[in-house]
Amino acid sequence: MMEIFETLESEVRGYIRSFPVVFDHAEGACLYDEAGRRYIDFFSGAGALNYGHNHPLMKARLIDYIERNGITHGLDLATRAKAEFLETFRDVILKPRGLDYRVQFPGPTGTNAVEAALKLARKVTGREKVISFTNAFHGMTLGALSVTGNAFKRGGAGVALTLSDTMPFYGYFGEDTDTIEYMDRFLSDNGSGVDLPAAVIVETIQAEGGINVADMDWLRRLTEVCKRYDMLLIVDDIQAGCGRAGSFFSFEEAGIVPDIVCLSKSLSGYGLPMAVTLIRPEYDQWDAGEHNGTFRGNNPAFVTATAALEFWKNDDFEAQIAARSETLREALEGLAEAYPKDFSGVRGRGLMLGLVCTREGLAKQLSQAAFKRGLIHETAGPDDEVAKFMPPLTIETADLDTGIEILQAAARDVLGAPQMRLDEAV
Ligand SMILES: *Cc1c(COP(=O)(O)O)cnc(C)c1O
């Protein structure tokens, strides 16, 4: 059945090449191919499936909604499903965190949420440039691509990507170089050649860029620099948000309040397309319909998104994510200790963790060996040098343990016997 993809689907297809089987159904942290073979999912739709596949609560609400002929397509009309999402989002997410944001519904993808943020920042400040960081990933449309670091992805644009300046992310020059001071100098110096920008766009953890974690103090100082030069701070929480980094927003631990926040991937909770751009009220300076999109009102996604917020009504879920994170981190650190020549360490927060490989191609080999044994995980970083692990936040401990065992076996397949026994290391 793979043949139809090879003969008819565009060469642009990507993940299918890493995981070349035909998937048929999925439940929780498990995917099944057409032959009924099970794969443990440490990929989670690149972060779009934080609550696993086909979560029963969301599925029940969705089926119910469809059965009663609830609105499916609603543009930006008022619907009951949308009202319920907004009320729940305000009461469960915004209010308890003391956050005051207006909610914009752009087209239902991450890159749309980013485009809206960039446009609005330019409109509000009257400035054109936007600062982004080395190894950033913000999406594939031209605006979002212009603030994305990856040379291969940028090359796909076919036109000049303009009106952005790149600054070094936290740790880009190693731990001893303060990259906030570096950026501050460019902004304060009249000879630097860097125009004052409308905004700075940042991921608190660069997911595609190699699981690079920004230090909390770095984020706080970035916020101060933004204030000092009247630039808006845009946090792209599309992948690190919705619990992936351990709390609903990835920036909570830093105690900062961004001017604009982009959410998408796991916002609907069910893998349905949905995105929001959160805007501090004073910056909500859009004219009616100035940014729009046909599929802004994907109401089935609002229904499952509202159901997903059940997880955030108390602190239990955060505690569970922390426990799962600890288990996975220990296992990855065990591997790094067992193969010190091959792995240089573990990066990440929450359930977005990476095992850093010391040579090119190893992360890919590991991923392929794991796939053969029934585990799906991706790679990240500019040279795919990081093996990336993102199980569903809801993963059962038994599935997590099985996934870890498969990974350890895959490491043995690729690297041979550990220099240190795995059970000693873990
Ligand atoms: C996936 C992602 C995007 C783009 O989202 P799409 O839905 O693919 O357009 C933007 N920013 C980050 C951090 C992402 O992970």
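Along the sequence shown, residues are numbered consecutively beginning with 1. Counting convention: from 1, in listed order, for ligands and their atoms alike.
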**Q** Quick one: which ligand 1 atoms are inside 4.0 Å of a heavy atom on Asp236?
**A**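 Taking each heavy atom of Asp236 in turn, ligand 1 has 10 (C), 11 (N), 12 (C), 13 (C) under 4.0 Å.
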
**Q** In the protein, what heavy atom is nearest to atom 9 (O) of ligand 1, and what distance, to one decimal place, separates them?
**A**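 Here the closest protein heavy atom is Thr111 N, 2.8 Å.
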
**Q** When rounded to the nearest 0.5 angstrom, what distance separates CD in Glu203 from OG in Ser132?
**A**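 The CD atom of Glu203 sits 10.0 Å away from the OG atom of Ser132.
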
**Q** Does Ile238 approach ligand 1 within less than 4.0 angstrom via side chain, backbone, both or neither, non-hydrogen atoms only?
**A**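 The answer is the side chain.
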
**Q** Using a 4.0 Å cut-off to any heavy atom of Lys265, which atoms of ligand 1 qualify?
**A**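 So the answer, numbered in order with elements, is 1 (C), 2 (C), 3 (C), 14 (C), 15 (O).
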
**Q** Which protein heavy atom lies closest to atom 7 (O) of ligand 1, and at what distance to 0.1 Å?
**A**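 Of the protein heavy atoms, Gly110 N, 2.8 Å lies nearest.
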
**Q** Check Phe248, Phe311, Trp312 against Glu318 for a side chain to side chain contact (heavy atoms under 4.5 Å, CB included) and give me the one that passes.
**A**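 Checked Phe248, Phe311, Trp312 against Glu318; only one passes side chain to side chain contact (heavy atoms under 4.5 Å, CB included): Trp312.
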
**Q** For the residue pair Phe43 and Phe19, categorise the inter-ring angle as parallel (less than 30°), tilted (30 to 60°) or perpendicular (more than 60°).
**A**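 Judged by the thresholds at 30° and 60°, the geometry between Phe43 and Phe19 is tilted.
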
**Q** If we only count N/O pairs under 3.5 Å, is Gly139 in contact with ligand 1?
**A**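 In fact, backbone or side chain, Gly139 has no N or O that close.
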
**Q** Any idea which part of Glu208 is under 4.0 Å from ligand 1, heavy-atom wise: side chain, backbone, both or neither?
**A**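 For Glu208, no heavy atom sits under 4.0 Å from ligand 1.
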
**Q** When only distance counts, is Glu203 in polar contact with ligand 1, meaning an N/O pair under 3.5 Å?
**A**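 In this structure, Glu203 places no N or O atom under 3.5 Å from an N or O of ligand 1.
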
**Q** Quick one: sort the Tyr182 and Phe173 rings into parallel, tilted or perpendicular, breaks at 30° and 60°.
**A**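 Tilted.
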
**Q** Would you verify whether the NZ or CZ of Lys82 falls within 45 degrees of the ring axis of Phe105 while also being under 6.0 Å from that six-membered ring's centre?
**A**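 Checked: cation-pi criterion met.
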
**Q** Check ligand 1 against Thr109 and write out every atom of the ligand that is under 4.0 Å from a heavy-atom position of the residue.
**A**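 Those of ligand 1 that fall under 4.0 Å from Thr109 are 7 (O), 9 (O).
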
**Q** Write down the atom of Ile260, the atom of Leu120, and the distance for their closest heavy-atom approach.
**A**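 Closest approach of Ile260 to Leu120: CD1-CD2, 4.3 Å.
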
**Q** If you measure from atom 10 (C) of ligand 1 to every heavy atom of His138, Gln206, Glu115, which option wins on shortest distance?
**A**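 The residue whose heavy atom sits nearest atom 10 (C) of ligand 1 is His138.
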
**Q** Does Glu253 pair with Arg349 as a salt bridge, N-O distance under 4.0 Å?
**A**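 A salt bridge is present here (some side-chain N lies under 4.0 Å from a carboxylate O).
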
